[in-house]
Number of protein chains: 2
Amino acid sequence: MTDKQVKILKSALKLFAQQGFDSTSTSRLALEAGVSEGLIFRHYKNKQGLLEAIIAEGMNAATKLIDGVLAVDDPKEFIKTAISLPFHIDESEHDFWRLMYTLKWQQGIYQNDAFEKLKERLVKAFKDLGYDNPQEEADLIEVLTDGVATGILLKDGDFSSMLTVILKKYNI
Amino acid sequence: MTDKQVKILKSALKLFAQQGFDSTSTSRLALEAGVSEGLIFRHYKNKQGLLEAIIAEGMNAATKLIDGVLAVDDPKEFIKTAISLPFHIDESEHDFWRLMYTLKWQQGIYQNDAFEKLKERLVKAFKDLGYDNPQEEADLIEVLTDGVATGILLKDGDFSSMLTVILKKYNI
DNA sequence: GTCTATACCAGGATAGAC
DNA sequence: GTCTATCCTGGTATAGAC
């Protein structure tokens with residue numbers, strides 16, 4: 001990947017996240033990246049292709065993170081780690097996740113395999129701990145983390161004390 | 001409001017929700033509504049003005065709903081009613097809420113007064129019930145309902161059993 | 001690999017007739 | 001109130017030179 005290619009990807013992520021995919025023109029993008037407009041189309045088939053490259057790159061990183069969680073064996077510790085996930089999104093990744101959440105509403109799905117696995121393991125963990133409704137408990141964690149991530153990404157407040165309150169509800 | 005005006009609003013809500021605001025052209029909209037393109041601009045200043053009319057109408061309805069919740073006095077009953085809110089979104093309102101959630105990520109905020117009041121009352125209810133961290137508990141309900149609404153609007157599954165599980169955590 | 005120039009199309013919005 | 005016709009702007013994408 002050449003220097004300019006990196007600049008295109010970086011600028012595109014920033015602009016797509018901040019102004020939306022549709023509302024970001026390739027000319028504006030070229031300006032931001034300090035690159036000619038034509039170059040964008042030399043490296044990527046079209047605007048959509050550029051978007052897909054960004055998503056693939058980010059999802060790659062996310063998968064690695066989730067693999068770390070999946071490595072935790074103890075059920076209680078596993079649930080704790082899973083719940084904590086959205087609370088520790090690094091500031092540098094906010095743009096990427098903002099983009100992903102926007103796309104979730106616009107385009108189709110973007111739930112990858114790693115997230116599916118995480119969910120299954122949650123069900124198992126709750127089952128191991130003797131919960132009455134392991135499936136529903138896992139579903140709950142899913143929507144909860146979704147809400148938490150939304151809050152963090154949109155409001156930029158301090159959510160650490162909320163994590164404590166949540167964990168207490170699971171006696172962790 | 002004339003017959004065609006209603007048709008414009010209805011079609012716009014549908015298309016904006018399904019394809020997004022930006023990706024819906026006014027010509028496509030006119031086609032869907034069975035109306036000439038020019039007529040849209042006679043009734044609304046511009047595309048954005050049309051969007052605002054839709055939001056105003058929907059928010060009006062939402063406020064009435066929330067006012068019903070605010071009328072509940074008993075703290076426990078109040079919390080129950082508030083939590084249940086997203087679980088009872090009528091199918092006919094899905095398009096509206098899908099649009100609102102999309103816009104939340106694209107444009108600025110759309111949290112109206114009614115929602116603010118609901119939040120304050122939640123804090124009070126938890127305080128009345130002697131919870132340790134009423135503010136965090138209310139914050140939690142907020143992100144939780146947000147996540148639930150997202151799930152319901154995006155996945156169209158059955159979430160009723162999740163409601164039971166949640167309420168049990170609050171001994172309701 | 002990169003730039004400049006340009007073709008081509010679609011979108012929002014307006015004017016004028018009825 | 002409504003339609004038809006049209007203008008103008010700005011967007012994506014390509015061609016060709018360096």
Subject >> Whole-Å distance separating the OH atom of Tyr44(A) from the P atom of dT12(D) >> reply: 16 Å
Original post:
For the residue pair Tyr170(A) and Phe126(A), does the interplanar ring angle fall in the parallel (under 30°), tilted (30 to 60°) or perpendicular (over 60°) class?
Top reply: tilted
Original post:
Do Phe78(B) and Leu122(B) touch side chain to side chain, with heavy atoms closer than 4.5 Å?
Top reply: yes
Subject >> Residue pairs, two or more places apart or on separate chains, that pass salt bridge (charged side-chain N to carboxylate O under 4.0 Å, His left out) and touch residues 54-78 of chain A >> reply: none
Original post:
Could you state the CD1-P distance from Ile8(A) to dA13(D), rounded to the nearest angstrom?
Top reply: 14 Å
Original post:
Among all residues two or more places apart in sequence or in another chain, which pass the salt bridge (Lys or Arg N to Asp or Glu O under 4.0 Å) test with Asp113(B)?
Top reply: none
**OP:** Would you kindly say whether Ser161(A) and Asn133(B) are connected by a side-chain donor-acceptor distance under 3.5 Å?
**Re:** no
**OP:** Could you tell me whether the side chain of Glu136(B) reaches within less than 4.5 Å of the side chain of Leu140(B), counting heavy atoms only?
**Re:** no
Original post:
Do Glu37(A) and Thr26(A) have side-chain N/O donor and acceptor atoms under 3.5 Å apart?
Top reply: yes
**OP:** For the residue pair Trp105(A) and Leu153(B), establish whether any side-chain heavy-atom pair is separated by less than 4.5 Å.
**Re:** yes
**OP:** Taking heavy atoms of chain A and a 4.0 Å limit, find me the 5'-most and 3'-most nucleotide of DNA chain C within that range.
**Re:** dG1(C) to dT4(C)
Subject >> Close residues, residues 27-37 of chain B, relative to DNA chain D [heavy-atom separation under 4.0 Å] >> reply: Val35(B), Ser36(B)
Original post:
Among residues 13-24 of chain B, which residues get a heavy atom nearer than 4.0 Å to DNA chain C?
Top reply: Thr24(B)
Original post:
Residues two or more places apart in sequence or in another chain: which of them pass salt bridge (Lys or Arg N to Asp or Glu O under 4.0 Å) with Lys168(A)?
Top reply: none
**OP:** In whole angstrom, give the distance that lies between atom CG of Leu50(A) and atom P of dA13(D).
**Re:** 10 Å
Subject >> Heavy-atom pair of closest approach, residues Asn46(A) and Gly49(A) >> reply: OD1-N, 2.9 Å
Original post:
Separation of Ile40(A) atom CD1 from dG11(D) atom P, in whole Å?
Top reply: 12 Å
